[in-house]
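The structure appears right after this line, and notes come after that.
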Amino acid sequence: MGHTATAQAGSGGLTATEHRLANGLRVVLSEDHLTPVAAVCLWYDVGSRHEVKGRTGLAHLFEHLMFQGSKQVSGNGHFELVQGAGGSLNGTTSFERTNYFETMPTHQLELALWLEADRMGSLLAALDEESMENQRDVVKNERRQRYDNVPYGTAFERLTALSYPEGHPYHHTPIGSMADLDAATLDDARAFFRTYYAPNNAVLSVVGDIDSARTLAWIEKYFGSISSHDGKQPPRDGSLPENIGRELREVIEEEVPARALMAAYRLPHDGTRECDAVDIALTILGGGESSRLHNRLVRRDQTAVAAGFGLLRLAGAPSLGWLDVKTSGGVEVPQIESAVDEELARFAEEGPTPEEMERAQAQLEREWLDRLSTVAGRADELCRYAVLFGDPQLALTAVDRVLGVTADEVRAIAKARLRPDNRAVLVYEPVSADPQAESAQDDQTDAEDGADQ
């Protein structure tokens with residue numbers, strides 16, 4: 001199945017064709033002969049929202065297992081073959097999907113397609129206890145390095161748990177808990193693969209200096225014989241009321257370099273006009289050094305060293321508006337919070353100025369152009385819109401929807417959602433190290449200073 005590559009209005013001349021193999025694999029192709037490279041992107045419709053209690057982190061663990069070897073490519077061979085051919089590769093896991101991607105010289109495209117097909121079709125042949133334990137340790141170490149042992153490292157995990165109630169599919173983050181990572185068994189991993197790593201649960205995009213007919217023939221050759229699987233259950237319902245209804249707050253006392261105010265606001269689902277409107281609002285309020293919060297807190301008041309407000313777009317649950325302010329010197333968090341609320345209330349009442357609308361929409365347009373200007377970025381966006389919204393063509397016209405939002409819509413969504421009773425708040429208060437240890441360190445420092453003299 002396919003259709004013609006007709007450029008849509010607002011797509012900047014970019015085109016994409018869609019196809020579907022008999023086993024259900026959706027394929028999106030987009031030719032771009034500007035440079036002799038091609039990007040391969042494969043999205044599986046599985047993320048942490050598909051996990052069950054007691055087995056969090058399994059989607060992310062499996063992302064790592066996909067690089068551990070398959071039937072015909074053992075050990076670290078996937079990396080070695082791609083990089084040896086002059087390409088780059090990686091994979092990521094989110095709440096809503098797991099993706100794998102390579103960017104290759106054009107003449108090595110067939111290799112990338114064969115590698116992805118080999119692990120989709122034969123990974124179970126190589127999955128054993130040794131590879132399971134190896135990657136379990138890698139993921140646990142990643143959690144230590146990125147979450148547990150860095151300042152503010154668990155903020156995202158804590159705010160997610162506050163924002164989505166217990167039992168909600170987005171209550172936990174993709175990294176998973178140490179206990180659940182330890183509890184995952186080889187049988188769990190095998191069942192996970194059979195259920196979710198099937199061609200009818202995936203979208204494959206190939207973008208760049210390609211011949212579409214030959215590329216499609218390779219895809220049919222390598223992916224066409226892989227069996228589909230019909231055992232997948234739909235993700236649990238992620239819907240929630242528009243507003244939380246009250247402020248949720250947690251105070252964290254940790255060894256952090258500065259006090260911090262972080263907050264997550266419950267916002268509209270991705271793919272809606274309201275989500276585009278709130279994206280503009282957050283860009284005006286906290287998107288860079290020209291934003292209102294940066295000008296107020298960092299430049300004018302000098303009460304903060306950093307102030308940002310961004311949007312985490314989610315399709316299967318309410319999106320999150322992410323506020324992050326690090327205080328300056330001995331400034332207390334209530335002073336920061338009062339200023340933030342004052343700015344949000346003023347914005348909700350007055351709305352954006354014409355200059356702010358123009359600047360924010362231009363900023364979002366530039367970000368969209370940056371993503372689509374590379375073959376890898378375009379391949380990822382085509383997969384994203386195919387998996388989450390059913391139509392990869394939407395990726396090519398996304399910016400038009402943002403540019404069509406009005407100032408009144410921005411003000412209205414800010415007034416409805418950017419309110420104290422619609423947020424989860426984390427307050428970080430620094431604590432010093434063990435007083436006895438500090439005293440001993442001070443004594444040692446004094447002794448050393450005296451010896452130097």
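From a predicted model like this one, the values you see are computed outputs, not experimental measurements. Residue numbers run from 1 in the order of the sequence given.
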Can the positive tip of [X] be found less than 6.0 Å from the middle of the six-membered ring of [Y], inside 45° of the ring normal?
X: Lys415; Y: Phe347; value: no
X: Arg384; Y: Phe389; value: no
X: Arg236; Y: Tyr170; value: no

Main-chain N/O of [Y] paired to [X] side chain as donor or acceptor, under 3.5 Å:
X: Ser291; Y: Ile284; answer: no
X: Thr56; Y: Gly176; answer: no
X: Asp324; Y: Gly308; answer: no
X: Gln363; Y: Gly287; answer: yes
X: Arg266; Y: Tyr164; answer: no
X: Thr154; Y: Glu157; answer: no
X: Glu381; Y: Leu396; answer: no
X: Asn243; Y: Ala416; answer: yes
X: Asp32; Y: Asp209; answer: no
X: His50; Y: Pro235; answer: no

Would you please test Ser319 and Asp270 for side-chain hydrogen bond (donor to acceptor under 3.5 Å, both in side chains) and show each step?
CA-CA 7 Å; Ser319 302; Asp270 192 13; 6.0 Å; no

Under 3.5 Å side-chain donor-acceptor pair for [X] and [Y]:
X: Thr185; Y: Asp187; value: no
X: His33; Y: Glu31; value: yes
X: Tyr44; Y: Glu63; value: no
X: Glu409; Y: Thr406; value: yes
X: Glu142; Y: His64; value: yes
X: Asn200; Y: Asn23; value: no
X: Asn134; Y: Ser131; value: no
X: Thr397; Y: Arg401; value: yes
X: Asp370; Y: Ser373; value: no
X: Ser227; Y: His229; value: no

Quick test of your reading of the model: are [X] and [Y] salt-bridged, counting only N-O distances below 4.0 Å?
X: Arg417; Y: Glu274; value: no
X: Asp237; Y: Arg49; value: no
X: Glu254; Y: Arg158; value: yes

Chi angles and distances behind the side-chain contact (heavy atoms from CB on, under 4.5 Å) call for Leu204, Leu113:
CA-CA 10 Å; Leu204 172 67; Leu113 293 171; 4.2 Å; yes

Less than 4.5 Å apart, side chain to side chain, heavy atoms only: is that true for [X] and [Y]?
X: Gln135; Y: Phe62; answer: no
X: Pro257; Y: Tyr152; answer: yes
X: Ser48; Y: His60; answer: no
X: Thr92; Y: Thr98; answer: no
X: Ser88; Y: Glu102; answer: no
X: Tyr222; Y: Glu110; answer: yes
X: Leu403; Y: Glu365; answer: yes
X: Gln145; Y: Lys140; answer: no

Find the distance between [atom1] ([X]) and [atom2] ([Y]) and round it off to the nearest 0.5 Å.
X: Glu96; Y: Arg313; atom1: CD; atom2: CZ; answer: 12.0 Å
X: Arg55; Y: Leu61; atom1: CZ; atom2: CG; answer: 11.0 Å
X: His168; Y: Ser239; atom1: NE2; atom2: OG; answer: 7.0 Å
X: Ser30; Y: Leu14; atom1: OG; atom2: CG; answer: 6.0 Å
X: Arg97; Y: Asp45; atom1: CZ; atom2: CG; answer: 11.0 Å
X: Leu89; Y: His78; atom1: CG; atom2: NE2; answer: 5.5 Å

side-chain contact (heavy atoms from CB on, under 4.5 Å) for Arg419 and Arg423? Distances and angles first, verdict last.
CA-CA 7 Å; Arg419 305 156 35 142; Arg423 69 186 177 197; over 6 Å; no

Tell me whether [X] at atom [atom1] has more than 12 heavy atoms from other residues, nucleotides or ligands lying less than 6.0 Å away.
X: Glu358; atom1: CD; value: no
X: Lys232; atom1: NZ; value: yes
X: Glu250; atom1: CD; value: yes

Would you please test Leu181 and Val139 for side-chain contact (heavy atoms from CB on, under 4.5 Å) and show each step?
CA-CA 8 Å; Leu181 288 169; Val139 172; 3.9 Å; yes

So, do Tyr265 and Phe309 have ring centers that fall under 6.0 Å from each other?
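Yes - the distance between ring centres of Tyr265 and Phe309 falls below the 6.0 Å cut-off.
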
Does the pair Val402 and Asp279 meet the rule for a side-chain contact (heavy atoms from CB on, under 4.5 Å), with working shown?
CA-CA 9 Å; Val402 173; Asp279 201 355; 5.7 Å; no

Considering all heavy atoms, the nearest Val425-Leu162 contact
O-CD1, 3.9 Å

What one should report as the nearest heavy-atom pair of Leu81 and Val73 is CD1-CG1, 4.2 Å

Check the pair Tyr147, Phe156 against ring pair (Phe, Tyr, Trp, His ring centres under 6.0 Å), reporting the backbone distance first and the verdict last.
CA-CA 9 Å; Tyr147 285 73; Phe156 180 60; 7.5 Å; no

Asp118 and Lys71: salt bridge (charged side-chain N to carboxylate O under 4.0 Å, His left out), yes or no, with the steps?
CA-CA 7 Å; Asp118 185 60; Lys71 184 177 181 179; over 6 Å; no

